[in-house]
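Comments concern the structure below.
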Number of protein chains: 2
Amino acid sequence: MSETLNLTRNQELVLKALLHSQGPLSAYQILDELRGEGLRAPLQIYRALDKLRDRKLVHRIETLNAFVACSCHADHAGETVAFAICEACGKVEEFSDEALQKRIGAWTREHDFLPARTTLEIKGLCAACH
Amino acid sequence: MSETLNLTRNQELVLKALLHSQGPLSAYQILDELRGEGLRAPLQIYRALDKLRDRKLVHRIETLNAFVACSCHADHAGETVAFAICEACGKVEEFSDEALQKRIGAWTREHDFLPARTTLEIKGLCAACH
DNA sequence: CTCCGATATGTTATGACATTACATTTATGT
DNA sequence: ACATAAATGTAATGTCATAACATATCGGAG
Ligand SMILES: [Zn+2]
Ligand SMILES: [Zn+2]
Ligand SMILES: [Zn+2]
Ligand SMILES: [Zn+2]
């Protein structure tokens, strides 16, 4: 699977670290996990993350300064991706809500604002934690 | 006006710095503006910001690591506050959309997620910049 | 008024997150 | 084989935020 993605060694290592994690990881946490593989500097992680984010294989959680592997079931074409973040167990659920996007689109049209990227992060307690 | 808010000296200085600014300011930018008033350390700014944020007089823009004075026309009671951020001129428009909140509420109910705080930031170009 | 607890302040040091700059290596297409 | 673009390695630095501790100010109970 990763083979078909033509990832470089560093990119593949970073992606696997995120896939194996239960929750979001900071760049420095990823680095610590990959020191055994020979990675030493933060920049090696950030560069891999940048490429993975370009390809929507990884997302950044702005409110946590951390990263998650994409768990999208559908495609990312033009979608606004949102996250529900449990403050108890740390799990992050990625989702994309059609109606929500429509509402955001309605606001931007009404206010003549040309949107480029939308960040939507909801913090609270997941079903298992309340 | 600020007098009726019973702000301390540092809080009032920080709030005024944000009110006089055209766009969001980082804590360190605020500090630089207030060195003339005798402030020297980042913590003095962060402490004032914390109090101002508690009282919803200031909001943090997560995607910019920066802060803005509240420009809310209505009250903040239970509202989700959102921001439209112009990437050309830097202006930030604060808003609160009832329908949007309803949609977010619908998603969280459907997924049995108990929301605490929502962050919604839209980056793009404002009416004046496109 | 005096004491006391709560809140705010001042200062230094440190921790956490991210990028610049530059040299080197590896992949790709002609 | 060569030229070019992409990726990597490394060190230093920049930016954002908090910990720890000492001091000062405010406000109410006695
Ligand atoms: Zn995704
Ligand atoms: Zn949970
Ligand atoms: Zn506001
Ligand atoms: Zn603009």
Side-chain angles (χ1 to χ4, degrees), chain A residues 2-18 21 23-55 57-68 85 90 92 117 119 121 123, chain B residues 2-18 21 23-55 57-68 85 90 92 117 119 121 123:
Chain A
S2 337
E3 297 78 31
T4 80
L5 293 171
N6 284 120
L7 297 177
T8 66
R9 168 173 157 83
N10 287 3
Q11 289 163 19
E12 190 166 334
L13 286 170
V14 168
L15 181 56
K16 279 186 177 158
L18 287 173
S21 166
L25 294 176
S26 75
Y28 280 72
Q29 286 175 320
I30 296 169
L31 176 57
D32 285 341
E33 298 218 349
L34 296 180
R35 286 195 191 279
E37 302 289 345
L39 299 209
R40 298 154 200 272
L43 192 50
Q44 295 176 293
I45 309 300
Y46 283 110
R47 285 201 279 227
L49 286 170
D50 285 345
K51 293 298 179 187
L52 293 167
R53 289 171 67 195
D54 285 347
R55 300 177 63 174
L57 298 173
V58 163
H59 303 293
R60 174 180 164 81
I61 309 295
E62 298 289 343
T63 57
L64 297 177
N65 293 338
F67 304 85
V68 291
I85 304 159
V92 171
R117 282 170 305 290
T119 299
E121 299 176 10
K123 291 207 184 166
Chain B
S2 338
E3 297 77 32
T4 79
L5 293 172
N6 284 121
L7 298 176
T8 66
R9 169 175 158 83
N10 287 3
Q11 289 162 20
E12 190 167 332
L13 287 170
V14 168
L15 180 56
K16 280 185 177 159
L18 287 174
S21 166
L25 295 176
S26 75
Y28 280 73
Q29 287 175 319
I30 296 170
L31 176 57
D32 285 341
E33 298 219 349
L34 296 180
R35 287 195 191 278
E37 303 288 343
L39 299 208
R40 296 152 200 272
L43 195 48
Q44 296 177 291
I45 309 301
Y46 282 109
R47 286 201 278 228
L49 286 171
D50 285 345
K51 294 298 180 185
L52 293 167
R53 290 171 67 195
D54 286 347
R55 299 176 63 175
L57 299 173
V58 164
H59 302 294
R60 175 181 164 80
I61 309 294
E62 298 290 341
T63 56
L64 297 176
N65 293 338
F67 303 86
V68 291
I85 303 159
V92 171
R117 281 169 307 289
T119 299
E121 300 176 10
K123 291 207 183 168

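The sequence lines fix the lettering, A, B, ..., with proteins before strands; numbering per chain opens at 1. Every value quoted in this text rests on a predicted model; they were computed, and no experiment measured them.
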### Message
Tell me the interatomic distance from B:L7, atom CG, to C:dT7, atom C1', rounded to whole angstroms.
### Response
14 Å
### Message
Using OP1 and OP2 only, check whether a side-chain N or O of A:Q44 sits under 4.0 Å from D:dG9.
### Response
yes
### Query
Below 4.0 angstrom from OP1 or OP2 of D:dG9, is there any side-chain N or O of A:N10?
yes
### Closest non-hydrogen atom pair between A:A48 and A:V14, with its separation
CB-CG2, 3.7 Å
### Query
How long is the gap from CD on B:E121 to CD1 on B:I85, to the nearest 0.5 Å?
4.5 Å
### Gap between atoms CZ and C1', on B:R53 and D:dA17 respectively (whole Å)
11 Å
### Query
For the helix from C:dC1-D:dG30 to C:dT30-D:dA1, how many degrees between its two end axes (five pairs per end), to the nearest 10°?
30°
### Main-chain N/O of A:L5 paired with A:R55 side-chain donor or acceptor, under 3.5 Å
yes
### Selection from C:dC17, D:dA17, D:dT8 that lies nearest to any side-chain heavy atom of A:Y28
C:dC17
### Task
Indicate, with a heavy-atom threshold strictly under 4.0 Å, whether A:A27 touches base, sugar-phosphate, or nothing.
nothing
### Message
Looking at every heavy atom in both A:L18 and A:F67, which two are closest together, and how far apart are they?
### Response
CD2-O, 3.3 Å
### Interatomic distance, B:D54 atom CG to B:L49 atom CG [nearest 0.5 angstrom]
11.0 Å
### Query
Starting at CG of B:L64 and ending at P of D:dT15, how long is that distance when rounded to a whole Å?
15 Å
### Shortest side-chain distance from A:R40, nucleotide among D:dT8, D:dT10, C:dT9
D:dT10
#### Entry: Distance below 4.0 Å between A:R9 side-chain N/O and D:dT8 OP1 or OP2
no
### Query
Between B:I45 (CD1) and D:dT18 (C1'), how many Å, whole number?
15 Å
## Note on the structure
Regarding the side chain of A:N65, the nearest nucleotide among D:dA17, C:dA18, D:dT10 is C:dA18
### Query
D:dC16 P sits how many Å from B:D32 CG, rounded?
11 Å
### Message
Between the side chains of A:E62 and A:R60, is the shortest nitrogen-to-carboxylate-oxygen separation below 4.0 Å, so that they form an ion pair?
### Response
yes
### Gap between atoms CG and C1', on A:L31 and D:dA11 respectively (whole Å)
14 Å
### Message
Are the side chains of A:R47 and A:N10 in contact, using a 4.5 Å heavy-atom criterion?
### Response
no
### Summary
Under a 4.0 Å heavy-atom criterion, the protein footprint on nucleotides 22-30 of chain C, written with B, S and -, is ---------
### Task
Write down the distance between OH (A:Y46) and P (D:dT13), rounded to a whole number of angstrom.
19 Å
### Task
Measure the CG-CG distance between B:L64 and B:L25 for me, rounded to the nearest 0.5 Å.
11.0 Å
#### Entry: Under 4.0 angstrom between A:T8 side-chain N/O and D:dT8 OP1 or OP2
yes
### Protein-nucleotide distance (B:L34, atom CG; C:dG10, atom C1'), rounded to Å
15 Å
### Query
How far apart are the closest heavy atoms of A:L57 and A:L15, and which atoms are they?
O-CD1, 3.9 Å
### Task
Using the closest heavy atom to pick a nucleotide of DNA chain C for each, name whichever of A:A66 or B:A41 lands nearer the 5' end.
B:A41
Please list, one pair per line, the donor and acceptor atoms closer than 3.5 Å that link side chains of residues 29-45 of chain A to other protein atoms, with sequence neighbours excluded.
| residue | atom | partner | partner atom | Å |
| --- | --- | --- | --- | --- |
| A:Q29 | OE1 | A:S26 | N | 2.8 |
| A:D32 | OD1 | A:R35 | NE | 3.3 |
| A:R35 | NH1 | A:R40 | O | 3.4 |
| A:Q44 | OE1 | A:R40 | N | 2.8 |
| A:Q44 | OE1 | A:A41 | N | 2.9 |

